[in-house]
Amino acid sequence: MIDFLGDWKRSCYCGALTANDIGKEVILMGWALRRRDHGGLIFVDLRDRDGLAQIVFDPEVNVEAHRKAESIRNEYVLAVKGKVAPRPEGTVNPSLKTGAIEVIVTECKMLNRSKALPFTLDEHVEVAENIRLKYRYLDLRRPALRDNLLLRSKVTGITREYLVENGFVEVETPYLSKSTPEGARDFLVPSRINQGQFYALPQSPQLYKQILMVSGFDRYYQVVRCFRDEDLRADRQPEFTQIDCEMSFVDREDVIGVMEALIAKIFKEAKGVDVELPMSRMRYSEAIRRFGVDNPDIRFGLELVELSDIVAKTGFKVFADVVASGGIVKGINAKGCSGLSRKEIDELTEFVKIYGAKGLAYVKMTAEGWQSPIAKFFTSDEIKTIDAAFGAEEGDLLLFVADKPKIVNDSLGRLRNRLAQILKLINDDTYRFVWITDFPLLEWDDEEKRWVAVHHPFTAPMDEDLEFLESDPGRCRAKAYDLVLNGNEIGGGSIRIHQEKIQSKMFRMLGINEEDARAKFGYLLDALEYGTPPHGGIAFGMDRLIMLMIGSDSIRDVIAFPKTQKGACLMSEAPSSVETKQLRELGLKLTVK
RNA sequence: GGGGUCGUAGUUAAGUCGGUUAUAACGCCGGCCUGUCACGCCGGAGGCCGCGGGUUCGAGUCCCGUCGACCCCGCCA
């Protein structure tokens with residue numbers, strides 16, 4: 001028998017009950033998490049969005065309700081009327097928020113039944129993710145995932161409140177937009193009305209928000225979905241959400257000032273964490289030199305040591321040759337790791353090979369000095385110099401990579417994070433922010449044989465570097481900035497080019513000829529000629545931000561309905577094939593089955 | 001495009017050197033139980049060992065292929 005809701009109104013959420021409610025008559029509605037049937041008394045943990053409350057069916061209170069309770073199974077939907085009572089002495093459950101009280105049921109409506117679940121909602125059991133994804137609606141009932149989405153909602157709420165207070169205007173930009181060649185691969189949407197033509201889903205609202213600055217909105221924001229048709233990772237989904245902002249008549253310091261205060265407010269109000277302002281800063285060049293990467297985790301040391309000059313003139317050919325041919329040699333002092341086994345060091349070697357390193361030289365610092373396969377190639381003076389560079393002491397393990405700069409920095413930068421994990425140097429409750437500034441504007445792409453924008457083609461060069469834009473592009477720095485949290489880039493932005501002449505020059509530098517520039521970005525170039533104010537902005541990757549706030553290492557934990565690594569939704573079974581009729585209407589013909 | 005890990009009741013796992021009836025816990029079903037809270041006790045049902053092929057007298061176990069999930073490189077801010 002299924003009961004109707006009738007005129008019952010819920011009086012409060014289950015998790016909201018406290019000792020202050022004792023004696024009150026309440027109506028609760030929710031799901032039966034567990035039933036404990038003692039033959040006489042029946043206990044049910046009733047769960048809703050807010051939490052749990054124990055409800056008690058006593059045959060001496062209401063026989064009919066008790067009989068109904070005998071048929072309750074997991075996840076049945078109930079509405080109960082009853083009285084809040086203190087639990088008898090000795091039966092208080094201190095591990096439960098509502099553990100001091102219970103609701104003695106006087107009347108019960110069974111609003112719906114549930115099939116036996118494909119997996120338990122108990123948090124004690126880890127269930128395979130493909131099953132959780134297929135039954136996402138059940139997985140979302142589990143407190144962990146539910147709380148993640150509640151936190152996410154809180155963060156967007158705080159963000160909107162803060163940005164509106166600070167004069168930002170929320171404007172929605174199109175999802176059906178124009179394909180752009182630079183950057184990530186676009187998701188395409190065929191146009192039925194214009195057969196053979198396609199919209200692109202935006203990788204970001206970049207050009208729209210700049211044009212809103214041309215329009216004079218002064219400050220824009222949007223919590224906006226963005227799309228990139230690239231391969232997925234633990235922290236990458238094909239659609240993701242950005243907190244997207246743009247401001248007029250500002251320089252870098254204005255943007256950073258407003259935005260770091262936003263992040264601090266989010267952490268304070270959503271997580272109770274105080275973030276010290278202003279946040280620390282580091283130039284790109286310094287980040288690469290000390291940490292090998294542009295997203296350094298500054299919660300621990302293990303900094304990279306530059307050794308190229310020292311080893312260039314030594315008898316160790318491998319190192320000397322690398323330096324002679326334009327490469328570099330850097331190292332990490334893994335403090336106190338001289339006890340690592342051969343196997344463990346081999347594993348570290350395999351690890352750096354992932355990032356292109358050919359090998360990992362090592363030195364164990366023992367009481368007798370260097371213990372190392374490469375020790376014989378160095379004089380005792382050279383060893384002293386290298387020890388000094390590392391600050392090496394007995395018990396340390398020195399690790400070296402010699403290769404092209406990019407490979408050395410990349411592999412050692414990643415190895416540094418890995419070592420910190422192994423050595424347990426990372427405190428999960430610490431949040432260390434750092435702004436990375438002074439990025440290079442352009443980077444030479446060896447495969448495409450052209451310069452490519454490090455940030456994007458609309459980023460302004462630094463005023464003092466403008467003169468090098470054509471003569472020495474690699475030397476030109478950008479007015480760009482990234483915010484890095486615990487080694488993860490959570491946002492990035494820049495001051496934009498607001499003069500048409502410089503923007504056109506930029507396109508030329510990127511090897512985009514005038515015709516292409518007109519075809520792809522003509523509307524931006526046109527707009528720039530009608531009184532564009534200096535402007536700049538930033539976008540935060542909201543999914544990744546929330547993920548770091550909850551300490552998860554999967555972005556799927558903060559997205560209600562995420563995709564698998566092959567881009568599938570296991571619940572809805574998207575993507576799927578479509579009717580021939582639909583293809584015909586779009587003027588499309590498939591070449592694959 | 002490439003490298004790696006995994007796939008056994010509904011779920012989580014075990015399954016030895018290839019050996020005859022594939023285990024356990026939880027869940028499920030039935031019964032009992034008036035203070036439990038991951039309740040307890042008794043009984044029961046439940047399996048195309050991801051799928052396809054091969055080797056073998058014999059395959060959950062070995063080999064090849066394939067599908068799927070996850071992690072990573074490339075790719076991607």
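Lettering of chains follows the sequences in order, A, B, ..., and the numbering in each one begins at 1. Bear in mind that the values here come from a model prediction, so they are computed numbers and not experimental data.
Of the two residues near RNA chain B, A/I131 and A/R185, the one whose nearest nucleotide lies more 5' is A/I131. Position along RNA chain B of the nearest nucleotide to A/A184 versus A/D410 favours A/D410 as the more 5'-ward residue.
Heavy atoms of A/P118 sit under 4.0 angstrom from primed sugar atoms or phosphate atoms, though from no base atom. At a threshold of 4.0 angstrom between heavy atoms, the contacts of A/H455 include nucleobase atoms, whether or not backbone atoms are also involved. Backbone-only contact: A/R34 has heavy atoms under 4.0 Å from sugar-phosphate atoms and none from a base. Nucleic acid contact class of A/V454 (heavy atoms, under 4.0 Å, all strands): base. Among the heavy atoms of the strands lying under 4.0 Å from A/R556 are primed sugar atoms or P, OP1, OP2 only; no base atom is included. Residue-level contact check: A/G491 touches neither bases nor backbone, having no heavy atom under 4.0 Å from any strand. A/E129 comes within 4.0 angstrom of sugar-phosphate atoms only, judged by non-hydrogen atoms across all strands, and of no base. A/I42 comes within contact range of no nucleotide atom at all, as no heavy-atom separation falls under 4.0 Å.
For residues 538-555 of chain A, proximity to RNA chain B is found at no residue, defined as any non-hydrogen atom under 4.0 angstrom from a strand atom.
For the C1' atom pair drawn from B/rC6 and B/rA77, the interatomic distance equals 31 Å after rounding to whole Å. Here, B/rC64 and B/rG46 have their P atoms 36 Å apart, quoted to the whole Å. Using atom P as the reference point in both B/rC73 and B/rC37, the two lie 47 Å apart (nearest Å). The same atom, C1', is picked in B/rC17 and in B/rC62; the two are 12 Å apart, to the nearest Å. To the nearest whole angstrom, the two C1' atoms, one in B/rA38 and one in B/rG2, are 44 Å apart. A gap of 43 Å separates the C1' atoms of B/rU66 and B/rG30, to the nearest Å. Across the P atoms, B/rU23 and B/rC41 are found 23 Å apart, a figure rounded to whole Å.
In this structure, CD1 of A/I354 is placed 13 Å from P of B/rU5, rounded to the nearest angstrom. Rounded to whole angstrom, the span from the OH atom of A/Y355 across to the P atom of B/rG3 amounts to 17 Å. For the pair A/E126 CD and B/rU11 P, the interatomic distance rounds to 15 Å; values are reported in whole Å. With rounding to whole Å, A/D122 atom CG is found 7 Å from B/rC39 atom P. In this structure, A/L232 places its CG atom 13 Å from P of B/rC73, rounding to the nearest Å. Between A/Q565 atom CD and B/rU5 atom P there is a gap of 15 Å when expressed in whole angstrom units. Note: CZ (A/F351) to P (B/rU5) measures 17 Å, nearest angstrom. Summarising the geometry, the separation between CZ on A/R418 and C1' on B/rC72 is reported as 11 Å, rounded to the nearest angstrom.
Under the 3.5 Å distance criterion, with hydrogens and angles disregarded, a donor-acceptor pair is assigned to the side chains of A/S494 and A/R496. A/Q237 and A/D543 share no donor-acceptor pair across their side chains, judged by distance under 3.5 Å alone. Residues A/Q222 and A/Y220 bring a donor and an acceptor atom of their side chains to less than 3.5 Å of each other.
Figure legend. B/rC28 is base-paired to B/rG44; pairs are counted as Watson-Crick or G-U wobble with both atom distances under 3.5 Å. Nucleotide B/rA13 has B/rU23 as its partner under the Watson-Crick or G-U criteria, with both atom distances under 3.5 Å. Remark: B/rG7 base-pairs with B/rC67. Criterion, Watson-Crick or G-U wobble with two distances under 3.5 Å. Base pairing of B/rU56 is not made with any nucleotide, judged by Watson-Crick or G-U wobble geometry with both donor-acceptor distances under 3.5 Å. Base pairing annotation: B/rG74 forms no Watson-Crick or G-U wobble pair, as no partner gives both donor-acceptor distances under 3.5 Å.
One finds no salt bridge joining A/D445 and A/K449 here, because no Lys/Arg side-chain nitrogen approaches an Asp/Glu carboxylate oxygen to under 4.0 Å. Under the 4.0 Å criterion applied to side-chain N and carboxylate O atoms, A/R113 and A/E75 are not assigned as salt-bridge partners. Using a 4.0 Å cut-off between charged side-chain N and carboxylate O, A/D438 and A/K479 make no salt bridge. Salt bridge annotation for A/R228-A/D186: absent, with no cationic side-chain nitrogen under 4.0 angstrom from a carboxylate oxygen. Between A/K343 and A/D346 there is no salt bridge, since no side-chain nitrogen of the basic residue lies less than 4.0 Å from a carboxylate oxygen of the acidic one. Ion pair A/R556/A/E129 flagged as a salt bridge, since at least one NZ, NE, NH1 or NH2 atom sits closer than 4.0 Å to an Asp/Glu carboxylate oxygen. A salt bridge links A/K353 to A/E350: one of the charged nitrogens lies within less than 4.0 Å of a carboxylate oxygen. Using a 4.0 Å cut-off between a side-chain N of Lys or Arg and a carboxylate O of Asp or Glu, A/D244 and A/K209 qualify as a salt bridge.
Judged by distance alone, with hydrogens and angles left aside, A/R228 brings no side-chain donor or acceptor close enough to the base of B/rC76 to form a pair under 3.5 Å. A donor-acceptor contact under 3.5 angstrom links the side-chain atoms of A/R87 to the base of B/rC37. Residue A/R236 places a side-chain atom within donor-acceptor reach of the base of B/rC75, judged by atom type and a 3.5 Å distance cut-off alone. Donor-acceptor pairing under 3.5 Å, judged by distance alone, is present between the side chain of A/E102 and the base of B/rG35.
Taking only side-chain atoms of A/D294, from C-beta outward, the nucleotide of B/rG74, B/rA77, B/rC73 with the closest atom is B/rA77. Among the nucleotides B/rA69, B/rC75, B/rU34, the one closest to any side-chain atom of A/D58 is B/rU34. Nearest to the side chain of A/Q203, among B/rC73, B/rA69, B/rA77, sits B/rA77. When distances run from any side-chain atom of A/N93 to the nucleotides B/rA77, B/rC72, B/rC37, the shortest one goes to B/rC37. When each of B/rC70, B/rG35, B/rC39 is scored by its nearest atom to the side-chain atoms of A/R36, the top-ranked nucleotide is B/rC39. Taking only side-chain atoms of A/L41, from C-beta outward, the nucleotide of B/rG35, B/rC75, B/rU12 with the closest atom is B/rG35. With B/rA69, B/rC37, B/rG74 as the choices, the nucleotide that has an atom nearest any side-chain atom of A/D45 turns out to be B/rC37.
Aromatic stacking is marked for A/H38 over B/rC39, as both cut-offs hold: 5.5 Å for the centres and 30° for the planes. Stacking between A/H124 and the base of B/rA38 is present: ring centres sit under 5.5 Å apart and the planes differ by under 30 degrees. Where stacking is scored as ring centres under 5.5 Å apart with planes under 30°, A/F119 does not register as stacked on the base of B/rU11.
A donor-acceptor pair is defined here as one N or O able to donate and one able to accept, closer than 3.5 Å; such a pair exists between the side chain of A/T106 and the backbone of A/K81.
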Report all interatomic pairs (protein N or O, nucleotide N or O of nucleotides 27-32 of chain B) with separations under 3.5 Å.
unit_1 : atom_1 : unit_2 : atom_2 : d
B/rC29 : OP1    : A/R73  : NE     : 3.3

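Taking each heavy atom of A/D557 and A/N148 in turn, the nearest pair found is O-ND2, 2.8 Å.
Contact annotation: A/K566 reaches the phosphate of B/rG68 (side-chain N/O to OP1 or OP2, under 4.0 Å). Applying the 4.0 Å criterion to OP1 and OP2 of B/rC73, one finds that A/R233 has a side-chain N or O inside that range.
For an aromatic pair to be called close, the ring centres must be under 6.0 Å apart, and A/Y175 with A/F187 fails this.
In this structure B/rC72 sits in the anti conformation; its chi angle is more than 90° from 0.
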